[in-house]
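Report on the following structure.
Order of appearance sets the numbers: ligands from 1, and atoms from 1 within every ligand.
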Amino acid sequence: MSIQENYNDIKSQLPSGVQLVAVSKTHPVSAIQEVYDLGQKVFGENKVQEVTEKYPLLPKDIQWHLIGHLQTNKVKYIAGFIDTIQSVDSEKLIREIDKEAGKNSRTINVLLQVKIAAEESKFGLEISEAKDLFEQYLSGEFQNIKITGLMGMATFTEDQDQIKKEFLTLKNLFDELNQLKKLETLSMGMSDDFPLAIECGANSIRVGSAIFGKRDYSQ
Ligand SMILES: *Cc1c(COP(=O)(O)O)cnc(C)c1O
């Protein structure tokens with residue numbers, strides 16, 4: 001299927017109120033422009049260098065989300081334009097984002113990335129760490145960021161029960177924090193598991209290959 005067919009197919013499956021973040025990592029600016037021209041305004045990238053290269057070449061009303069692991073020393077390169085950083089996994093990082101957002105006279109939206117997968121390799125905060133950071137945020141610690149929600153990635157497995165369990169863990173935390181202060185975004189679900197994520201309460205999904213096709217990392 002073409003990018004256009006893929007995109008329309010996914011859009012047609014989304015209940016109203018579910019945001020689609022089109023994950024364009026490894027794909028050229030021309031492909032992003034094509035999806036933009038279909039009406040998509042929110043794009044996700046996982047690397048600082050890639051998003052800083054693409055940003056100047058594309059329409060300025062795109063909302064860029066960083067969804068990959070972010071090193072503290074690279075925050076300064078994206079602080080001037082990034083809409084949302086979905087991959088906030090430490091207090092050190094949130095402090096740096098707050099500082100750099102301030103320097104740019106901006107407010108940057110952040111999602112706390114919570115470790116829900118059984119796999120060792122996945123980045124993310126433990127649930128207790130996420131709660132602590134949120135408490136600090138509520139106490140007025142950070143002035144130039146807005147914690148708008150949570151992000152999580154499920155284990156890479158065929159086991160639907162396992163994935164569901166992990167998604168529901170994040171949904172529970174979302175509900176708990178949402179009682180303390182209204183949150184907007186529960187980001188979970190990718191090309192292979194977004195229908196299940198939505199069933200489990202996701203209102204934002206991050207979809208790459210199901211729109212743009214397979215990624216080629218050889219270039
Ligand atoms: C690459 C990536 C996605 C999209 O993955 P697909 O399987 O291509 O949809 C979503 N979230 C994160 C954090 C990613 O790095």
| field | Other residues, nucleotides, ligands: >12 heavy atoms within 6.0 Å of N172 CG | value | yes

| said: Regarding atom 7 (O) of ligand 1: of the candidates G68, G152, S209, which has the closest heavy atom? | reply: S209

| cation_pi(K25, F43) dist<6.0 Å, angle<=45 | no

| query | Hey, is R215 one of the residues with a heavy atom under 4.0 angstrom from ligand 1? | reply | yes

| note | Nearest non-hydrogen protein atom to atom 5 (O) of ligand 1, with distance, is M190 CE, 3.6 Å

| request: Give the atoms of ligand 1, by number and element, whose distance to some non-hydrogen atom of R206 is under 4.0 Å. | output: 4 (C), 9 (O), 10 (C), 11 (N), 12 (C), 13 (C)

| request: Would you mind checking which non-hydrogen protein atom is closest to atom 12 (C) of ligand 1, with the distance to 0.1 Å? | output: I67 CD1, 3.5 Å

| message | Less than 6.0 angstrom from the centroid, inside 45 degrees of the normal: does K41 satisfy that with respect to the ring of Y36? | response | yes

| field | Ligand-residue contact atoms, ligand 1 with V207, heavy atoms, under 4.0 Å | value | 9 (O)

| task | Please say whether more than 12 non-hydrogen atoms of neighbouring residues, nucleotides or ligands are located less than 6.0 Å from CD in Q49. | result | no

| field | Nearest non-hydrogen partners of K54 and I32, listed with the distance | value | CD-CD1, 3.7 Å

| Which residue supplies the protein heavy atom nearest to atom 9 (O) of ligand 1, what is that atom called, and how far is it? | S191 OG, 2.5 Å

| message | For the 3.5 Å polar cut-off, considering only N or O atoms, please tell me whether K25 and ligand 1 meet it. | response | yes

| Do Q19 and T185 get their side chains close enough for a donor-acceptor pair, meaning under 3.5 Å? | no

| said: Using a 4.0 Å cutoff against the non-hydrogen atoms of G208, which atoms of ligand 1 qualify? | reply: 4 (C), 6 (P), 8 (O), 9 (O)

| query | Would you say D192 has any N or O atom under 3.5 Å from an N or O of ligand 1, going by distance alone? | reply | no

| Passes side chain to side chain contact (heavy atoms under 4.5 Å, CB included), N144 versus T107? Steps please. | CA-CA 5 Å; N144 309 299; T107 299; 5.6 Å; no

